[in-house]
Amino acid sequence: MTDIKELLLSRIRDVADYPEPGVMFKDITPLLADPAAFTALTDALAEIAERTGATKVVGLEARGFILGAPVAVRAGLGFIPVRKAGKLPGATLAQAYDLEYGSAEIEVHAEDLTAGDRVLIVDDVLATGGTAEASVQLIRRAGAEVAGLAVLMELGFLSGRGRLEPALNGAPLEALLTV
């Protein structure tokens, strides 16, 4: 695991003062552009999907789509996008959640998750945990079970894990990297 961590870290670029002064943005586009690193990331997340007994993968908009879809394919599972409100046609389930300044809402197609599903949530970064917590609530409201949450990178200083662990109710939270 140390080798994969070193590979992944070596392909994540720090961008100072983005999107605002004082923020150190973690840019994963160099990782995505490197086939060996992207494959290693996909394999590691697919192994988590298999270990948790997931039957579907949910990707959180937008980078969770980029990571989650190949994980689902690699693990032989279905992929479900969780979108910002108003982006999906047809009947949806929605979940509102609070942001630092204001609120937001995410949606999933109502028919995409059922009572027999065990869902692994995949995203690029765990920050404050608001979107991930809302996705956990949304998946449960759809009648499915949360098998776990897997992220490329956890920003430990933002304490998202502490917010999420009660919501996960024993389901694993796995971060390949913690910064």
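Quick note: residue numbers are just sequence positions, from 1. Note that the coordinates shown come from a computational prediction; the quantities given were computed from them, not determined experimentally.
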*Asks:* Can you name the nearest heavy-atom pair linking Ala150 to Leu45, along with the distance?
*Replies:* CB-CD2, 3.8 Å
*Asks:* How about Pro89 and His109: do any of their side-chain heavy atoms sit closer than 4.5 Å?
*Replies:* yes
*Asks:* So, the side chain of Asp17 versus the backbone of Gly22: is there a donor-acceptor pair under 3.5 Å, distance only?
*Replies:* yes
*Asks:* For residues 61-71, which residue pairs pass the side chain to side chain donor-acceptor pair (under 3.5 Å) check, not counting sequence neighbours?
*Replies:* Glu61-Arg83, Arg63-Asp124
*Asks:* Ile28, Ile66: one ILVMFWY side-chain cluster at the under-4.5 Å cut-off?
*Replies:* yes
*Asks:* Between Pro30 and Ile12, is any pair of side-chain heavy atoms under 4.5 Å apart?
*Replies:* no
*Asks:* Classify the side-chain pair Thr131/Tyr97 by whether it contains a donor and acceptor separated by less than 3.5 Å.
*Replies:* yes
*Asks:* With respect to Val82, which candidate in Leu113, Leu88, Ile106 satisfies the side chain to side chain contact (heavy atoms under 4.5 Å, CB included) definition?
*Replies:* Ile106
*Asks:* Starting from the C-alpha separation in whole Å, work towards a yes-or-no answer on side chain to side chain contact (heavy atoms under 4.5 Å, CB included) for Leu9 and Leu177.
*Replies:* CA-CA 8 Å; Leu9 277 171; Leu177 305 170; 3.9 Å; yes
*Asks:* Show the numbers, then the answer: is there a side chain to side chain contact (heavy atoms under 4.5 Å, CB included) between Leu8 and Phe38?
*Replies:* CA-CA 8 Å; Leu8 298 176; Phe38 195 14; over 6 Å; no
*Asks:* With rounding to the nearest 0.5 angstrom, report the CZ to OG1 distance, Arg11 to Thr29.
*Replies:* 13.0 Å
*Asks:* Indicate if Phe157 and Met153 have the same hydrophobic cluster label, given that clusters are the connected sets of ILVMFWY residues with side-chain heavy-atom separations under 4.5 angstrom.
*Replies:* yes
*Asks:* Side-chain contact test, heavy atoms from C-beta onward, threshold under 4.5 Å: evaluate it for Glu107 versus Lys87 and give yes or no.
*Replies:* no
*Asks:* Could I get the full list of side-chain contact (heavy atoms from CB on, under 4.5 Å) partners for Thr39, not counting sequence neighbours?
*Replies:* Asp43, Arg74
*Asks:* Apply the side chain to side chain contact (heavy atoms under 4.5 Å, CB included) test between Leu67 and each candidate in Val57, Val151, Leu32; give the one that qualifies.
*Replies:* Leu32
*Asks:* Can you find a pair of side-chain heavy atoms, one from Phe65 and one from Leu60, that are under 4.5 Å apart?
*Replies:* no
*Asks:* What's the separation between atom CD1 in Ile48 and atom CD in Glu174, rounded to the nearest 0.5 Å?
*Replies:* 4.0 Å
*Asks:* Does the pair Arg163/Glu133 count as a salt bridge with the N-to-O cut at 4.0 Å?
*Replies:* yes
*Asks:* What is the minimum heavy-atom distance between Ala49 and Val71, and which atoms define it?
*Replies:* CB-CG1, 4.4 Å
*Asks:* Hey, are the side chains of Lys56 and Leu77 touching, using non-hydrogen atoms and a 4.5 Å cut-off?
*Replies:* no
*Asks:* Ignoring hydrogens and geometry, is there a side-chain-to-backbone donor-acceptor pair from Thr52 to Gly148 under 3.5 Å?
*Replies:* no
*Asks:* How long is the span from the CG atom in Leu93 to the CG atom in Asp112, to the nearest 0.5 Å?
*Replies:* 10.0 Å
*Asks:* Is any NZ, NE, NH1 or NH2 atom of the basic residue among Arg161 and Glu154 found under 4.0 Å from an Asp or Glu carboxylate oxygen of the other?
*Replies:* yes
*Asks:* I'd like to check Leu155 versus Leu126 (side-chain heavy atoms, cut-off strictly below 4.5 Å). Are they in contact?
*Replies:* no
*Asks:* Write down the atom of Phe79, the atom of Ala72, and the distance for their closest heavy-atom approach.
*Replies:* CB-CB, 3.8 Å
*Asks:* Give the other cluster members for Val23, using side-chain heavy-atom distances under 4.5 Å between Ile, Leu, Val, Met, Phe, Trp and Tyr residues; answer none if it is isolated.
*Replies:* none
*Asks:* Looking at Lys5 and Leu176, what are the two nearest heavy atoms and their distance?
*Replies:* CE-O, 3.3 Å
*Asks:* On a heavy-atom basis, which atom in Ala147 and which in Pro172 lie closest, and how many Å separate them?
*Replies:* O-CD, 3.2 Å
*Asks:* Evaluate side chain to side chain contact (heavy atoms under 4.5 Å, CB included) for Asp14 paired with Asp27, printing each intermediate quantity in order.
*Replies:* CA-CA 6 Å; Asp14 286 343; Asp27 181 14; over 6 Å; no
*Asks:* Roughly how far apart are Leu164 CG and Thr128 OG1, rounded to 0.5 Å?
*Replies:* 8.5 Å
*Asks:* What is the minimum heavy-atom distance between Ala132 and Leu149, and which atoms define it?
*Replies:* CB-CD2, 4.1 Å
*Asks:* Taking the side chain as every heavy atom from C-beta outward, state whether Leu152 and Leu31 have any pair of such atoms under 4.5 Å apart.
*Replies:* yes
*Asks:* Please round to the nearest 0.5 Å and tell me the distance separating atom CD of Glu47 and atom OG1 of Thr42.
*Replies:* 13.5 Å
*Asks:* Can you establish whether the number of heavy atoms outside Tyr18 located under 6.0 Å from its atom OH is more than 12?
*Replies:* no
*Asks:* To the nearest 0.5 Å, how far apart are OG1 in Thr92 and CD in Glu105?
*Replies:* 8.0 Å
*Asks:* Is there side-chain contact between Val179 and Lys26, with heavy atoms separated by less than 4.5 Å?
*Replies:* yes
